[in-house]
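Contents: one structure, followed by commentary.
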Amino acid sequence: MIILQRPQTSHDRMRIFSGIQPTGTLHIGNYFGAIRNWVALQDDYDCIYSIVDYHAITAPFKPDKLRRRSHDLALDLLACGIDPERSTIFIQSAIPEHAELCWIFSAITSFGDLSRMTQFKEKSQETDFISAGLFIYPILQAADILLYRAQRVPVGEDQLQHLELSRRIARRFNSRFGDFFPEIEPIVGKGARIMSLANPSRKMSKSDGEAHYIGVMEDARSIHKKIRSAVTDIGPTPAQGMSEGVANLFQILELTGESDLYQEMQAEFVAGTLRYSNLKEIVFQTLMEVLAPIQKQRAQLAAEGQIEKILSAGAEKARVIAKENIRTIRRMVGLAV
RNA sequence: AGGCUCGUAGCUCAACUGGCAGAGCGUCCGACUCCAAAUCGGAAGGUUGGGGGUUCAAGUCCUCCCGGGCCUGCCA
């Protein structure tokens, strides 16, 4: 029987795990697509959020940059509203149990399953050095989630296949060694996919280049310039619908929550009187209203210099759970205890 | 462990028997445009993976090192 009641204490709240790689800076696609959801989920779930540096090293990287980016990203996340009092936030490699559970899971995951992962097939074509870690990556993801026995995982569409593998791994473990892991369910975001400004047929991504994305912490002048040079079209053509680029600008406007402005602009588009230069200016203004407070908060957090402390406190909370679970897992599997 | 092969601009690649390091795409600036895109005009961009050597002259030849790919062998 399911009791339809908001869980009151952290004890009976469902647990969420989600991770983000410390590669480059946060862009507004990350923010509206994932991080803003993370922030909202804190109200109803026991959230564990991790900066997944073990994942980041599966692609070419530089050691000094990696550590700095992990810390920078932590500041970004806190600035966006992740609350270390309510949630657990830490750097993945502070808890080596992630790697250990990954290894254990690798023993019950088939080569064939991994070979079928479309993300591996795509990513392995982009780089000349294909690390074994890149191939094993989905197993580490399963370990991340299941190490904390999380029941819910906020993910994008593109991660559903990996999540399905996590479920298979959990089931296989449970049937071979005894019930331990819960069934994982995805929480799929509202599909707020922001497209590239310079090429609106592609998803916004850092790897396409500077002109393609807007950084959450980027300065206003630079953002203004990028929005102004966003691809549009020859002019409003209500009959034929909206071009991808213009739709993308509207998408951003909608995500900022300024629904009045959004309606107004939509009406102008339908009437065929919309000036894109005007739309761009409004998108810029409203977007900055969202970003400016985050940027301000970020500056303040950086000045306070407490990030190390916050991260180690987060790691401590995570460690308690991880250690306890890994002990049980070791016992179940027959490893040294 | 051995054999073969590759490494040139941010990316994809070119450069003859050794003879001034180049193109396309991307980037930046300008024109055009309500703003952009496309197009046109202009510009920047390099320790040719690294060290040593041969030569009047090395991206090119020799040598060692680093890295990638393919093949064979050995151990577990």
Side-chain angles (χ1 to χ4, degrees), chain A residues 21 23-25 27-29 56-66 69 103-104 106-107 111 114-115 120-137 193-215 218-256 258 261-289 291 334-336:
Chain A
Q21 279 199 51
T23 49
T25 46
H27 58 71
I28 61 170
I57 61 174
T58 60
F61 69 100
K62 297 225 171 70
D64 48 338
K65 278 193 180 170
L66 179 64
R69 280 180 171 166
W103 180 255
I104 293 170
S106 76
F111 182 85
L114 289 176
S115 307
F120 173 75
K121 290 190 217 166
E122 283 164 19
K123 285 201 170 177
S124 58
Q125 278 176 351
E126 290 166 13
T127 169
D128 48 354
F129 180 77
I130 305 167
S131 70
L134 187 65
F135 187 63
I136 298 296
Y137 192 108
R193 248 162 71 101
I194 296 183
M195 309 308 281
S196 156
L197 296 175
N199 183 356
S201 60
R202 293 176 61 86
K203 195 171 115 180
M204 182 176 282
S205 149
K206 284 162 289 200
S207 48
D208 284 334
E210 273 293 320
H212 293 262
Y213 72 91
I214 294 173
E218 203 169 321
D219 70 276
R221 223 185 94 256
S222 174
I223 292 176
H224 190 242
K225 195 173 162 188
K226 284 183 185 179
I227 290 178
R228 224 173 30 202
S229 52
V231 173
T232 59
D233 55 68
I234 200 76
T237 48
Q240 291 161 31
M242 213 178 258
S243 65
E244 286 173 310
V246 177
N248 193 36
L249 290 170
F250 269 102
Q251 162 89 89
I252 295 170
L253 185 58
E254 188 177 23
L255 286 167
T256 62
E258 290 287 338
L261 274 172
Y262 177 80
Q263 296 300 337
E264 208 177 301
M265 292 294 110
Q266 282 281 357
E268 283 193 31
F269 179 84
V270 172
T273 58
L274 182 63
R275 302 284 87 174
Y276 292 150
S277 53
N278 187 36
L279 173 66
K280 284 177 174 179
E281 196 54 38
I282 283 172
V283 168
F284 168 68
Q285 295 294 345
T286 54
L287 180 60
M288 284 317 295
E289 276 169 34
L291 298 186
L335 295 166

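Every chain is numbered from 1, with letters handed out A, B, ... down the list of sequences. Atom set for the values below is all heavy atoms of this structure, side chains included, hydrogens, waters and symmetry mates excluded.
Residues A:N199 and A:D208 fail the side-chain proximity criterion, which asks for heavy atoms closer than 4.5 Å. The side-chain heavy atoms of A:H212 and A:K206, taken from C-beta on, include no pair separated by under 4.5 Å. Side-chain contact between A:I130 and A:F120 is present, with heavy atoms from C-beta onward closer than 4.5 Å. Put simply, the side chain of A:T273 reaches to within 4.5 Å of the side chain of A:E268, judged on heavy atoms.
The residue among A:R275 and A:H212 whose nearest nucleotide of RNA chain B is located toward the 5' end is A:H212. RNA chain B is contacted by both A:P236 and A:E210; A:E210 maps to the nucleotide lying nearer its 5′ end (nearest heavy atom per residue).
Taking the C1' atom of each, B:rG67 and B:rG22 are spaced 26 Å apart, rounded to whole Å. When the C1' atom is used for both B:rA9 and B:rC13, the distance is 11 Å, rounded to whole Å. Spacing between B:rC6 and B:rG42 at atom P, rounded to whole Å, works out to 38 Å. Between B:rA36 and B:rG49, the two C1' atoms lie 40 Å apart (nearest whole Å). One C1' atom belongs to B:rA43, the other to B:rU5, and the distance between them is 38 Å to the nearest Å. Distance check on atom P: B:rA21 versus B:rU63 gives 25 Å, rounded to whole Å. Comparing B:rC62 with B:rG18, their P atoms are spaced 11 Å from each other, to the whole Å. Nucleotides B:rU33 and B:rU12, compared at atom P, are 38 Å apart to the nearest Å.
Under the side chain to side chain contact (heavy atoms under 4.5 Å, CB included) rule, A:T286 has a single partner from A:I252, A:T256, A:L255, which is A:T256.
In this entry the distance linking NE2 of A:H224 with P of B:rC35 reads 13 Å, nearest Å. The distance between atom CG of A:D208 and atom C1' of B:rG10, rounded to the nearest whole Å, is 13 Å. What separates CZ of A:F61 from P of B:rG67 is a distance of 14 Å, to the nearest Å. Distance CG (A:L197) to P (B:rG26): 17 Å, rounded to an integer number of Å. Remark: C1' of B:rC35 and CD of A:E268 are 14 Å apart, rounded to the nearest angstrom. Atom CG in A:L274 sits roughly 10 Å away from atom C1' in B:rC35 (whole-Å rounding). Spacing between atom CZ of A:R202 and atom C1' of B:rG26 amounts to 13 Å, rounded to whole angstrom units. In this structure, A:F129 places its CZ atom 15 Å from P of B:rC66, rounding to the nearest Å.
Using the Watson-Crick or G-U wobble rule with both distances under 3.5 Å, B:rU8 pairs with nothing in any strand shown. Summarising the base pairing, B:rU60 is matched to no nucleotide, lacking a Watson-Crick or G-U wobble pair whose two defining distances lie under 3.5 Å. Pair assignment for B:rU48 gives none, since no Watson-Crick or G-U wobble pairing has each distance under 3.5 Å. Across every strand in view, B:rU54 sits unpaired, with no contact that passes the Watson-Crick or G-U test at under 3.5 angstrom. Taking a pair to require two hydrogen-bonding distances under 3.5 Å in either a Watson-Crick or a G-U wobble arrangement, B:rA43 pairs with B:rU27. With a cut-off of 3.5 Å on both Watson-Crick or G-U wobble distances, the partner of B:rA21 is given as none.
You'll find that the side chain of A:A211 is closest to B:rU27, out of B:rU27, B:rC29, B:rC35. Here B:rC29 is the nucleotide among B:rC35, B:rC29, B:rG68 with the atom lying nearest to any side-chain atom of A:K225.
Listed by chain and residue number, nothing satisfies the salt bridge (Lys or Arg N to Asp or Glu O under 4.0 Å) test with A:E281 (two or more places apart in sequence, or in another chain). Partners of A:D233 under the salt bridge (Lys or Arg N to Asp or Glu O under 4.0 Å) rule, at least two apart in sequence or in another chain, do not exist in this structure.
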Please tabulate the protein-to-nucleotide N/O contacts below 3.5 Å involving nucleotides 36-38 of chain B, giving atom names and distances.
unit_1: B:rA36; atom_1: O2'; unit_2: A:S229; atom_2: O; d: 3.0
unit_1: B:rA36; atom_1: O2'; unit_2: A:A230; atom_2: O; d: 2.5
unit_1: B:rA36; atom_1: O2'; unit_2: A:V231; atom_2: N; d: 3.4
unit_1: B:rA36; atom_1: N1; unit_2: A:D233; atom_2: O; d: 3.4
unit_1: B:rA36; atom_1: N3; unit_2: A:T232; atom_2: N; d: 3.3
unit_1: B:rA36; atom_1: N3; unit_2: A:T232; atom_2: OG1; d: 3.1

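A donor N or O paired with an acceptor N or O is found under 3.5 Å between the base of B:rC34 and the side-chain atoms of A:S277.
The two residues A:L279 and A:F250 make their nearest non-hydrogen contact at CD2-CE1, 3.9 Å.
Among the protein residues, A:G245 comes within range of no part of the nucleic acid, since none of its heavy atoms lies under 4.0 Å from any strand.
Panel note: side chain A:K226, backbone A:A211; no donor-acceptor pair is recorded below 3.5 Å.
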